[in-house]
Colleague: 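Here it is, the structure, as structure tokens.
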Amino acid sequence: MTVRTVAIVPAAGKGERMGADKALLDLGGTTAIARIVATCRAAGVDEVLVVRRDGAAPLPAGTAAQVVVVPPGGEMADSLRAAQAALPASSTNVLVFPVDHALVEAETVVALLATVERGAAIALPLFRRRPGHPIALRRDVFAEIAEPTALLRDLVKRDPARVRVVPSANPWVHADLDHPEDLRAAQCALHGEPWSTVAQMFRHRSRRAYRPDPIPQPQLERLVDAARHASTSSFIQAYAVVCVRDAATKGECARLCSGQEHIVQAPVFAAICADLHKLAACCGRRGTSLQAQSFELFLQATIDAALVGQNLQLAAEAEGLGACMIGAARNHPEQLAKLLGLPPHVFVVFGMTLGHPSDDPLPRGRMPLAGVLHFERYDVAGTGAVLDGADDAMRAWARRTNAAGAGKKGRPVDETKGWSDRMARMWGAGSDYVAARQVLVDELRRLGFGLG
Ligand SMILES: Cc1cc2nc3c(=O)[nH]c(=O)nc-3n(C[C@H](O)[C@H](O)[C@H](O)COP(=O)(O)O)c2cc1C
């Protein structure tokens, strides 16, 4: 058989963040690598080369693929160079198919290969306007990977004119299989179980760096519309969301929120407001006045806003966006209210940056569940162990973050401090946070919220 199309599956990593060899992960009762090989075969790929590190576990028996062995510790480009040297002489097209994208379906591969067959030098799948993997390349273009420092993305970026994008409805062209929660999400999607929302929740990380790509207005409208279907106390719907996209206004918002740069960078800064304005208008229509001095009403509106905010973050994350809540929006509530044209009885409970994330922070995890979930009665006796667990978890996260060079703006995180140290410093005697928010109550009163 003349081999024309070869798929290369770089699978030489140890899967350290996942804690397992990614090629051998279970995806719907089959391994990731078996799934990719089956997808490639179904799409008409003639041969599959799987790049494995020396000493890696063997591929499952019966995997219809050739194995190329590389020394451990290399990068993906090293795997691709090794595979390039092993390509059959007759091959004309190459498909680079990382294991992370094991859920990509054959129809996407067929479309990519057809695009290259029709003369494109490089074909990429596009999901929601963002390119992903696998990537199909003409062999002569792929051969550029032999340049000692070339990366696959260099080949793609070198000449935009030679790249064709292939729209895809398959979100897995963007997927990562880096963390256990990524695997859970993939497994849920495969099983079609109603757990995908839960899996999405486990995947949460606050994102603090963004690409400049805007969020299309229809998407923003849909997300806020979905978010506002949260439960609302007595159906008061006491919230509003002001989405700021104008760069100058966002800059002002950032200035009022202790200069947080990601507010400027994100295409959207959403101000999540507690909003009693509409209730005041209802009362006005009926010739009465809003009992805005009620602490209960303040609390209801604030809770309502928080529920919408959390829903919005989850909805955004479910669509591949990233978000970070911004409590610093309460640093200068009156100035922010003026900037955003808020009427009386409205304040920003917190802000939220929204956009296409460009950072990749390690999930922070949480304190031991025993500190949060109690059965029948609150387990006060367990608090000491919970704090120890929370401290250990925080230090372990700091170590992992530093090892991955993923600290805030590249700065290392303090590995010595546990969670309880941080909380005591933040909220104990002499707390800067408390001092900074001393004026909050007066400002909220002036904005039309009674606090009892
Ligand atoms: C109401 C609220 C306000 C927050 N304010 C900020 C903020 O002003 N700046 C920021 O970078 N992160 C902010 N965060 C994000 C938290 O720091 C973050 O959720 C927490 O450290 C846990 O990390 P994770 O979200 O990545 O799991 C806020 C979170 C909440 C819920």
Side-chain angles (χ1 to χ4, degrees), residues 17 178-182 198-210 227 230 239 241 244 250 252-266 268-274 299 301-318 321-333 336 347-355 357-369 371-372 390-391 393-398 400-401 404 406-411 413-414 417-423 425-427 432-434 436-437 440 444:
R17 283 186 287 180
D178 284 337
H179 306 286
E181 53 271 29
D182 300 330
V198 175
Q200 188 61 53
M201 291 170 173
F202 277 110
R203 287 165 58 89
H204 161 77
R205 295 165 290 157
S206 293
R207 312 302 284 266
R208 296 183 177 87
Y210 298 92
Y239 39 67
V241 180
V244 179
K250 263 194 301 128
E252 272 301 282
C253 291
R255 189 179 64 77
L256 295 174
C257 297
S258 51
Q260 297 188 50
E261 231 174 83
H262 46 283
I263 299 176
V264 177
Q265 211 184 36
V268 175
F269 174 71
I272 314 293
C273 305
L299 211 52
T302 306
I303 293 169
D304 261 25
L307 296 178
V308 168
Q310 171 55 33
N311 252 7
L312 178 58
Q313 183 165 46
L314 185 60
E317 290 172 347
L321 299 174
C324 182
M325 295 184 183
I326 305 291
R330 296 188 303 278
N331 286 358
H332 304 286
L336 190 57
F347 87 99
V348 182
V349 180
F350 55 89
M352 189 183 296
T353 53
L354 282 166
S358 61
D359 60 354
D360 186 17
L362 298 184
R364 299 194 88 167
R366 291 295 185 260
M367 70 170 69
L369 187 59
V372 175
D391 288 345
M394 185 122 198
R395 292 193 189 100
W397 169 81
R400 286 199 308 276
T401 293
K408 207 172 173 186
K409 291 188 196 149
R411 284 198 304 269
V413 188
D414 187 343
K417 283 207 180 84
W419 182 76
S420 52
D421 303 314
R422 289 168 200 260
M423 294 302 121
R425 188 171 50 81
M426 283 170 79
W427 298 109
D432 291 343
Y433 283 79
V434 171
R437 293 279 160 83
L440 182 60
L444 291 187

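One-based numbering, in listed order, for ligands and for the atoms of each.
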Colleague: Given side-chain contact (heavy atoms from CB on, under 4.5 Å), test Arg395 with Asp421 step by step and report yes or no.
Modeller: CA-CA 11 Å; Arg395 292 193 189 100; Asp421 303 314; 3.8 Å; yes
Colleague: So His204 and Gln313, do their side chains get closer than 4.5 Å, heavy atoms only?
Modeller: yes
Colleague: Name all residues meeting the side-chain hydrogen bond (donor to acceptor under 3.5 Å, both in side chains) criterion together with Asp360; count only those two or more places apart in sequence or in a different chain, and write none if there are none.
Modeller: Arg17, Arg205
Colleague: Contact residues of ligand 1 with a heavy-atom cut-off of under 4.0 Å?
Modeller: His204, Arg205, Ser206, Arg208, Gln260, His262, Cys324, Met325, Ile326, Gly327, Ala328, Arg364, Arg366
Colleague: Hey, what do you get for CG (Leu336) to CZ (Phe347), rounding to the nearest 0.5 Å?
Modeller: 11.0 Å
Colleague: Of Ile326, Leu312, Val348, Asp304, which is the lone residue that meets side-chain contact (heavy atoms from CB on, under 4.5 Å) with Ile272?
Modeller: Leu312
Colleague: Using the side-chain contact (heavy atoms from CB on, under 4.5 Å) rule, pick out the option among Thr353, Ile263, Leu354 that qualifies with Val268.
Modeller: Leu354
